[in-house]
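Atoms within a ligand are numbered from 1 in the order they appear, just like the ligands themselves.
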Amino acid sequence: MGHVKAETCEKCTTELVTITIHVDGNDLEMHSCTTCDTRSWSHAGEPVDLAFALSEVGQHAGRQR
Ligand SMILES: [Zn+2]
């Protein structure tokens, strides 16, 4: 079997669910733990915080007024 790259939760080691959103030519990824509800974000391969992620989504993929 191949080596599957799966990120795991730092707190409970549950395998994280990754959701990829394409924004502004880059991939914004949300890594979500279904067990303890920890979420982390990355953008273009770099870790980012929630505020950055939401601003990216807000600017490029939605209209929030
Ligand atoms: Zn967890």
Side-chain angles (χ1 to χ4, degrees):
M1 295 295 285
H3 210 81
V4 178
K5 184 191 176 192
E7 305 214 31
T8 55
C9 179
E10 293 181 358
K11 293 183 181 177
C12 68
T13 71
T14 297
E15 189 171 314
L16 296 174
V17 176
T18 299
I19 297 170
T20 303
I21 305 164
H22 297 281
V23 288
D24 197 26
N26 290 305
D27 287 344
L28 178 69
E29 294 182 325
M30 182 185 76
H31 310 284
S32 178
C33 177
T34 57
T35 301
C36 69
D37 206 32
T38 295
R39 288 175 189 165
S40 61
W41 296 80
S42 62
H43 181 253
E46 297 292 325
V48 295
D49 62 20
L50 176 61
F52 181 91
L54 290 180
S55 72
E56 285 291 300
V57 172
Q59 284 176 29
H60 302 291
R63 295 181 184 182
Q64 292 183 324
R65 285 179 178 265

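- The ring pair (Phe, Tyr, Trp, His ring centres under 6.0 Å) contacts involving residues 23-44 comprise His43-Phe52, where partners must be two or more places apart or lie in separate chains.
- Neighbours of the Zn ion (ligand 1) restricted to protein N, O or S atoms under 2.8 Å: the count is 4.
- Across all their heavy atoms, Cys12 and Thr35 have their closest contact at SG-CB, 3.8 Å.
- Nearest heavy-atom pair, Ala53 versus Leu28, reported as atom, atom and distance to 0.1 Å: O-CD2, 3.7 Å.
- Looking at Met30 and Thr18, their side chains never come closer than 4.5 Å, going by heavy atoms from C-beta outward.
- Listed by chain and residue number, nothing satisfies the salt bridge (charged side-chain N to carboxylate O under 4.0 Å, His left out) test with Asp49 (two or more places apart in sequence, or in another chain).
- With sequence neighbours left out, the side chain to side chain donor-acceptor pair (under 3.5 Å) criterion links Thr34 to no other residue.
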